[in-house]
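Step one of this worksheet: look at the structure below.
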Amino acid sequence: MPLHRGAHPEHDEPSDERRRLALNPFFGEADPTAAMNTAPPRHRLPDGPLPPMTAYRLVHDELMLDGNSRLNLATFVTTWMEPQAGVLMGECRDKNMIDKDEYPRTAELEKRCVAMLADLWNAPDPAAAVGCSTTGSSEACMLAGLALKRRWARRNADRYPATARPNLVMGVNVQVCWEKFCNFWEVEARQVPMEGGRFHIDPQAAAELCDENTIGVVGILGSTFDGSYEPIADLCAALDALQERTGLDIPVHVDGASGAMVAPFLDPDLVWDFRLPRVASINTSGHKYGLVYPGVGWALWRTPDELPEELVFRVNYLGGDMPTFALNFSRPGAQVVAQYYTFLRLGHDGYRAVQQASRDVARGLARAVEDLGDFRLLTRGDELPVFAFTTTPEVHTYDVFDVSRRLRERGWLVPAYTFPANRQDLSVLRVVCRNGFSSDLAELLIEDLKLFLPELRAQKHPVSHDRKAATAFHH
């Protein structure tokens with residue numbers, strides 16, 4: 001979450017007169033003339049309670065200014081679920097996941113989800129694979145990184161003091177959680193830059209960055225920058241060759257935040273998962289293409305050997321022993337229940353149908369954008385249902401930041417951003433197609449693009465000059 005400062009009582013708090021006018025008299029429970037005559041303060045606790053409907057209306061009205069999540073083409077996070085899933089989540093929102101002995105059936109559903117994912121990701125022995133739910137892929141990546149670091153420290157205990165600084169190799173396109181991991185847990189981040197038309201990791205370049213202090217290499221199955229899969233099999237092959245030359249045995253973690261719930265259904269012949277012996281662990285976001293509302297991720301390890309025992313805490317579970325691995329303690333069980341519901345509801349064929357529909361919409365929309373003539377596609381939505389595009393060299397009167405700004409005027413949230421090293425010269429727009437974003441909505445997006453393109457073409461020069469402020473890209 002972003003950091004916020006405290007409120008200044010004189011500058012941030014509205015005047016008594018503004019607070020009086022902020023409250024609709026009809027918000028009174030019965031008599032409009034007998035209810036509150038001023039709205040409560042915004043940045044300190046009110047002196048007394050409010051009627052529940054009054055509090056609801058005040059909060060509801062303010063939230064109307066938020067963007068429409070269904071039109072948010074920047075986010076990978078699920079914005080639609082069936083009403084039945086919402087009912088189940090409502091029934092479970094008061095259940096604390098950590099209380100395994102109080103909520104044994106919720107714990108059982110979590111266990112079943114881990115087993116299903118181990119089977120889906122082709123663990124050599126699904127019964128031997130270990131895993132857990134998390135609050136999302138960010139926590140899952142932190143846990144996977146901790147396991148890599150602790151395994152490295154154990155292997156090198158006789159050669160290095162506890163203060164030795166290990167490193168983690170990754171592409172510059174990784175999600176920001178990996179930079180956080182390296183910062184928080186004092187690991188050197190070694191990043192492979194982009195080059196030319198390659199917008200993710202280069203396997204050979206990654207292998208060349210490895211040494212005896214490397215705890216692992218991160219491969220991304222579905223880059224957030226352009227939706228492309230990183231070549232996990234080629235990455236493992238490069239590390240196999242490195243081991244033959246040097247003896248260095250470097251494990252791979254696959255950050256499958258999105259692609260781990262797409263590739264098994266749409267690209268079953270793509271080898272990226274536990275079929276590769278070098279892949280030690282995998283994470284995914286249940287709340288992305290796992291099709292669950294925000295708040296759930298998953299981390300799995302090939303065998304218990306990949307997860308050091310000293311990282312696992314044990315809690316009393318029905319008088320027995322329940323191992324847990326998490327950064328958070330208390331959290332609701334609703335999202336885990338919703339994940340199990342979705343697995344049960346869709347099955348393999350249902351997931352294939354949903355993800356195929358999203359990919360088909362992405363491909364069709366990418367073609368329609370290309371047909372407008374002003375844009376060049378970097379990707380086409382044929383891996384993740386995501387594509388990135390930029391303006392053609394012939395376009396000089398506007399840029400991608402102008403397009404993003406004009407789309408926002410119509411309610412669409414389409415991020416524009418600049419690529420990292422060594423392609424800071426490239427600025428793009430990115431569209432994420434999720435379940436619930438239909439071909440009808442895609443057609444409406446194209447109609448809006450057609451509506452304001454003549455105005456953009458008539459500009460003398462691009463309007464958006466502050467590139468840092470222009471971006472709406474948050475992975």
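What you find for Asp402 and Leu456 is that their closest heavy atoms are CB-CD2, 4.1 Å. Residues Met261 and Gln355 share a closest heavy-atom pair of O-NE2, 2.8 Å.
A donor-acceptor contact under 3.5 angstrom links the side chains of Asp360 and Gln356, judged on distance only. Side-chain N/O atoms of Thr379 and Asp226 include no donor and acceptor closer than 3.5 Å. Donor-acceptor pairing under 3.5 Å is lacking for the side chains of Gln424 and Thr418. Between the side chains of Glu139 and Asn328, at least one donor-acceptor pair of N or O atoms lies under 3.5 Å. Side-chain atoms of Tyr340 and Glu110 form no donor-acceptor pair, as typed in the model, at a separation below 3.5 Å. With no hydrogens or angles considered, a side-chain donor-acceptor pair links Glu306 and Thr303 at under 3.5 Å. Side-chain N/O atoms of Ser223 and His200 include no donor and acceptor closer than 3.5 Å. Between the side chains of Ser69 and Thr79, not a single donor N or O lies within less than 3.5 Å of an accepting N or O. Counted by atom type alone, Gln84 and Arg345 present zero donor-acceptor pairs between their side chains at under 3.5 Å. In summary, the side chains of Asn173 and Glu230 do present a donor paired with an acceptor at a separation below 3.5 Å, with no hydrogens or angles considered. Asn122 and Asp273 form a side-chain donor-acceptor contact under 3.5 Å, judged by distance and modelled atom types alone. Counted by atom type alone, Tyr229 and Asp267 present one or more donor-acceptor pairs between their side chains at under 3.5 Å.
Using cut-offs of 30° and 60° on the angle between ring planes, the pair Trp178 and Phe181 is perpendicular.
With contacts defined as side-chain heavy-atom distances shorter than 4.5 Å, the pair Gln243/Ile250 does not qualify.
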| task | Could you check Arg155 against Arg151 for side-chain contact (heavy atoms from CB on, under 4.5 Å), going step by step and ending with a plain yes or no? | result | CA-CA 6 Å; Arg155 290 195 307 269; Arg151 287 175 60 205; 3.8 Å; yes
| Are Phe225 and Phe199 close enough, and set up right, to give a side-chain contact (heavy atoms from CB on, under 4.5 Å), and what steps lead you there? | CA-CA 8 Å; Phe225 280 89; Phe199 304 125; 5.8 Å; no
| Full working for ring-ring contact (aromatic ring centres under 6.0 Å, His included) between Phe313 and Phe325 | CA-CA 6 Å; Phe313 287 79; Phe325 185 29; 8.6 Å; no
| Should Asp448 and Trp412 be marked as a side chain to side chain donor-acceptor pair (under 3.5 Å) after you check the CA-CA gap, both sets of side-chain angles, and the distance that decides it? | CA-CA 9 Å; Asp448 283 341; Trp412 302 101; 2.7 Å; yes
| task | Start with the C-alpha distance between Ser133 and Arg331, add both sets of side-chain angles, then the distance that settles side-chain contact (heavy atoms from CB on, under 4.5 Å), and finish with yes or no. | result | CA-CA 11 Å; Ser133 67; Arg331 61 186 177 90; 2.4 Å; yes
| said: Could you walk me through whether Leu143 and Thr134 satisfy the side-chain contact (heavy atoms from CB on, under 4.5 Å) test, starting with their C-alpha distance in whole Å, then the side-chain angles of each, then the deciding distance to 0.1 Å, before giving a yes or no? | reply: CA-CA 9 Å; Leu143 298 179; Thr134 63; 3.7 Å; yes
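Checked against Met81 for a side-chain contact (heavy atoms from CB on, under 4.5 Å), the options Asn435, Thr342, Leu88, Leu291 give a single hit: Thr342.
Checked against the 6.0 Å centroid criterion, the rings of Tyr341 and Phe343 do not qualify as a close aromatic pair. Ring to ring, Tyr351 and Phe265 are close: their centroids are under 6.0 angstrom apart.
In this structure, Arg198 places its CZ atom where more than 12 heavy-atom neighbours from other residues, nucleotides or ligands lie under 6.0 Å away.
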